Amino acid sequence: IQLKPAFHAVHLDFKNMHNMLDREAACQGLAAASVGPRSILQGFFAEYRHKGDILAGHGNLLPFGSSTGGNQGDPRMTVVASYAILPVVKWLDAGLRKLGGFAVFISDDGYAVGPGPSIYPLIAEFRTRAKAMFNLDCVPSKCTAYVSDLTHDCPERPVDLPLSGFTDSL
């Protein structure tokens, strides 16, 4: 932002990604990966092919199981989630690169960077695609647009894009 003052960097955070991620989509993302996470896929499938138990507190199990996401604290979920959302992240990155920007994500946290107001329609479409493909949505209180000048560089907040606000990056 210091090098390109017209750019905005928008931090995006998916809500409960590790819990809410569609397992079938996650397995498809791992299977389609060109780098070799096959052993992760085998372990993930072996553990998560059946509905998992849900604790209600005090060691009591609920009478139904979960068919989405993985166990909290499972280190494989970061890798699984990253591969699962890779197609929509690549789509966002390609669109932003046409504008001179980029997108980068690590699991449920990412940044969309590009010139001012023109990146917001791409981010809104990215959210729509992530919701449709993976049942994921952003946490408004954790999504912030970083800009170089709050007095001149803030577009009106898009109605369909959850942002906690705009922050001066300098």
Side-chain angles (χ1 to χ4, degrees), residues 1-41 44 68-70 72-150 153-155 157-158 160-170:
I1 306 259
Q2 291 175 344
L3 298 175
K4 295 187 176 187
F7 274 35
H8 292 192
V10 179
H11 174 250
L12 300 167
D13 184 285
F14 283 119
K15 181 179 182 179
N16 295 326
M17 183 173 179
H18 294 178
N19 298 339
M20 297 301 298
L21 184 66
D22 181 82
R23 289 183 189 167
E24 183 178 346
C27 286
Q28 288 174 355
L30 282 169
S34 60
V35 291
R38 304 276 186 233
S39 60
I40 295 171
L41 175 61
F44 183 79
T68 61
Q72 283 288 8
D74 184 345
R76 293 173 297 183
M77 282 307 297
T78 298
V79 175
V80 169
S82 295
Y83 276 108
I85 66 166
L86 191 57
V88 290
V89 172
K90 283 184 174 183
W91 176 88
L92 178 61
D93 185 61
L96 291 170
R97 287 193 182 275
K98 290 177 186 174
L99 302 172
F102 63 92
V104 62
F105 270 77
I106 297 175
S107 191
D108 61 340
D109 286 295
Y111 285 89
V113 179
S118 58
I119 68 172
Y120 294 102
L122 287 170
I123 295 170
E125 176 62 21
F126 169 76
R127 277 189 60 232
T128 299
R129 289 173 182 237
K131 181 72 172 171
M133 294 174 73
F134 310 111
N135 191 35
L136 297 175
D137 204 356
C138 294
V139 182
S141 64
K142 293 184 178 181
C143 297
T144 303
Y146 296 92
V147 300
S148 63
D149 183 355
L150 285 173
D153 205 24
C154 289
R157 179 175 153 164
D160 59 347
L161 184 65
L163 290 174
S164 64
F166 292 87
T167 301
D168 190 337
S169 65
L170 300 177

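Owing to the predicted nature of the structure, the values given are computational and were not obtained by experimental measurement. Basis for what follows: all heavy atoms, side chains included, without hydrogens, waters or symmetry-related copies.
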Which residue, Leu86, Leu92, Val88, forms the side chain to side chain contact (heavy atoms under 4.5 Å, CB included) with Lys90? Leu86

Report, as yes or no, whether the 6.0 Å neighbourhood of atom NZ on Lys131 holds more than 12 heavy atoms from other residues, nucleotides or ligands. yes

Going by side-chain hydrogen bond (donor to acceptor under 3.5 Å, both in side chains), name the residues that satisfy it together with Ser107, two or more places apart in sequence or in a different chain. His18

Shortest non-hydrogen separation from Ala103 to Leu96 and the atoms involved: CB-CD1, 3.8 Å

When rounded to the nearest 0.5 Å, the distance separating NZ of Lys15 from OG of Ser141 is 9.0 Å

Is a side-chain donor or acceptor of Thr128 paired with a backbone partner of Ala124 at a separation under 3.5 angstrom? yes

What closest approach, in Å, do Gly100 and Lys4 show between heavy atoms, and which atom pair accounts for it? O-NZ, 4.1 Å

Tell me every residue that passes side chain to side chain contact (heavy atoms under 4.5 Å, CB included) with Val89, counting only those two or more places apart in sequence or in another chain. Ile85, Phe105, Phe126

Let me know which of Leu122, Val113, Ile123 forms a side chain to side chain contact (heavy atoms under 4.5 Å, CB included) with Val10. Ile123

Parallel, tilted or perpendicular for His11 and Tyr111, by the 30°/60° rule? tilted

Pairing residues for Asp93 by the side-chain hydrogen bond (donor to acceptor under 3.5 Å, both in side chains) criterion, not counting sequence neighbours: Arg97

Could you pull out the closest heavy-atom pair between Ala84 and Phe134, with the gap in Å? O-CZ, 3.0 Å

In a check of side chain to side chain contact (heavy atoms under 4.5 Å, CB included) between Lys142 and each of Asp109, Asp108, Asp13, Leu12, which one passes? Asp13

Nearest heavy-atom contact between His8 and Pro117 is CE1-N, 4.5 Å

